[in-house]
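What follows is a set of notes on a single structure, which appears directly below.
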Number of protein chains: 2
Amino acid sequence: MQLTKGVEQALCIIVLLATQESSAPLASDEISKRLGVSPSYMKKIIRKLVVQGIAVSVSGNNGGVSLAKPAADITMLDVIEAMEGPIQMYPDTGLIGLAFHDKQYTEKGQELLRSVFSQGDRLLIEYFSKVTAADLLKEGLGTSNLPTLNWNRETLSDVIDKERDDDK
Amino acid sequence: MQLTKGVEQALCIIVLLATQESSAPLASDEISKRLGVSPSYMKKIIRKLVVQGIAVSVSGNNGGVSLAKPAADITMLDVIEAMEGPIQMYPDTGLIGLAFHDKQYTEKGQELLRSVFSQGDRLLIEYFSKVTAADLLKEGLGTSNLPTLNWNRETLSDVIDKERDDDK
DNA sequence: CACTAATTGGATAAAGAATATCCATAATGG
DNA sequence: CCATTATGGATATTCTTTATCCAATTAGTG
């Protein structure tokens, strides 16, 4: 009943991309360094985000990854499903049918159990589809002006502090 | 994001116990045969139910397992937590702190993410604590009179059909 | 009391999924 | 054409789930 680490990693990647200067795609090797995993593994994670439509990637010189859409349009559900596939709690191995041979009752029971769990699935789907990456960034950083920076050079607090000064 | 097969197995066990003549505990070896797993594995599963307070087991000749309380008092949450421990979706490896070194913002972000996920946990907990084993049995069998039988000898439909005839 | 049926609990093996890496190939821009 | 970067397949590693075996224990039975 736990999400995989991949979800956490994906969320970190999204934070990086959301605060990256939009002109410059961020190289996956740079992300891998920052998250402490191998470049090739990071490319796999990123690939999942690309397939899901969360990120876009360009090969070649000065290539890299960037967000496919505004952070406000990226939901936690998108991220979770990108990494783990559709939310579906019940393993459903058909055990009930195997254990009780009375077809008449087991089919009804099986169906009932499926519907109980899929109702649980729906609760999560509904909840997570309402939380966006933008929500996380806004509340986490304490500012709705998303700072942009080049993650090759700068740190986060440099930029946020600069924005704060600008506001005065 | 999937429950383990153990949950499904536990649910089957509970159905067996709920429809077992209360006088006679059901031998775990009998259950293992029916669910198609090894006797020793079944004992481990049952042990978890005992620890959680869902079932009680008696050693010795003619010993076995029975429910610790009425099916109406056994919730899906009990069953899930018996098999998998507390519901907690977020793996929380502290990756955010590792990836972004600005303590000031990462701690806030970490905390926020935890709260987002624990809200998801709460949704599931609330939902699953409202579905009881009795609900499943009642709707699954189409009768609220729980038939009782000895699983060593009889089949489910024998007994339910008998009960139906009695109703007339 | 000793015997037998049955459960408990610990050690551990086997299978599967998640995590991670390496390497060969393809795409891109200069 | 060359350096840079992503893609995709094969594979190693680690962790969890699933499952088995066996020694210890407990409760009834003769």
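Side-chain atoms are counted along with the backbone in the values below, which use heavy atoms only and exclude waters and symmetry mates. Lettering follows sequence order; numbering is per chain, from 1.
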Is it the case that atom CD in B:Glu111 sees more than 12 heavy atoms from other parts of the structure closer than 6.0 Å? no
CD of A:Glu30 versus P of D:dT4: gap in Å, rounded? 14 Å
Going by number, which of residues 77-84 of chain B have a non-hydrogen atom under 4.0 Å from DNA chain C? none
Counting only heavy atoms not in A:Gln88 (residues, nucleotides, ligands), do more than 12 fall under 6.0 Å from its CD? no
Can you pull the ring pair (Phe, Tyr, Trp, His ring centres under 6.0 Å) pairs that have at least one residue in residues 50-79 of chain A, sequence neighbours excluded? none
On DNA chain D, does the nearest nucleotide to A:Met1 precede the nearest nucleotide to A:Lys43 from the 5' side, or the other way round? Give the residue. A:Lys43
Under the side-chain hydrogen bond (donor to acceptor under 3.5 Å, both in side chains) rule, what pairs show up with a residue in residues 68-78 of chain B, not counting sequence neighbours? B:Thr75-B:Asp78
Rounded to the nearest Å, what distance is computed from the CD1 atom of residue B:Ile13 to the C1' atom of nucleotide D:dT18? 14 Å
Mind calculating the distance between CD (A:Glu8) and P (C:dA18) to the nearest angstrom? 16 Å
What is the separation between atom CD1 on B:Ile31 and atom P on C:dT8, rounded to the nearest whole Å? 11 Å
Contacts satisfying ring pair (Phe, Tyr, Trp, His ring centres under 6.0 Å) that involve residues 23-77 of chain A (not counting sequence neighbours) are none
For B:Asp121, enumerate each residue passing the salt bridge (charged side-chain N to carboxylate O under 4.0 Å, His left out) test, keeping only those at least two apart in sequence or located in another chain. none
Along nucleotides 23-30 of chain D, 5' to 3', which nucleotides get a B, which get an S, and which get a -, given that the test is a protein heavy-atom distance under 4.0 Å? ---BB-S-
Distance in angstrom units between B:Ile46 CD1 and D:dA19 P, rounded: 14 Å
Expected string for nucleotides 19-24 of chain C under the B/S/- scheme (protein heavy atoms, under 4.0 Å, primed atoms plus P, OP1, OP2 as sugar-phosphate) is SBBB--
Sequence neighbours left out, what passes salt bridge (charged side-chain N to carboxylate O under 4.0 Å, His left out) with B:Glu107? Give chain and number order. none
Look at A:Ser57 and D:dT7 and indicate whether a side-chain polar atom (N or O) is within less than 4.0 Å of OP1 or OP2. yes
Test ring pair (Phe, Tyr, Trp, His ring centres under 6.0 Å) applied to A:Phe117 - qualifying residues, sequence neighbours left out: A:Tyr90, B:Phe128
Taking only residues two or more places apart in sequence, or in another chain, which ones meet A:Lys33 in a salt bridge (charged side-chain N to carboxylate O under 4.0 Å, His left out)? A:Glu30
Salt bridge (charged side-chain N to carboxylate O under 4.0 Å, His left out) involving A:Asp29 - partner list, sequence neighbours excluded: A:Lys43
d(CG, B:Leu49; C1', C:dT7) in whole Å: 15 Å
Can you tell me the distance, in whole Å, between the CG atom of B:Leu35 and the P atom of D:dT18? 13 Å
Less than 3.5 Å apart, which donor and acceptor atoms pair up between the side chains of residues 52-62 of chain B and the rest of the protein, not counting sequence neighbours?
none

Are OP1 or OP2 of D:dA6 and a side-chain N or O of A:Arg47 less than 4.0 angstrom apart? no
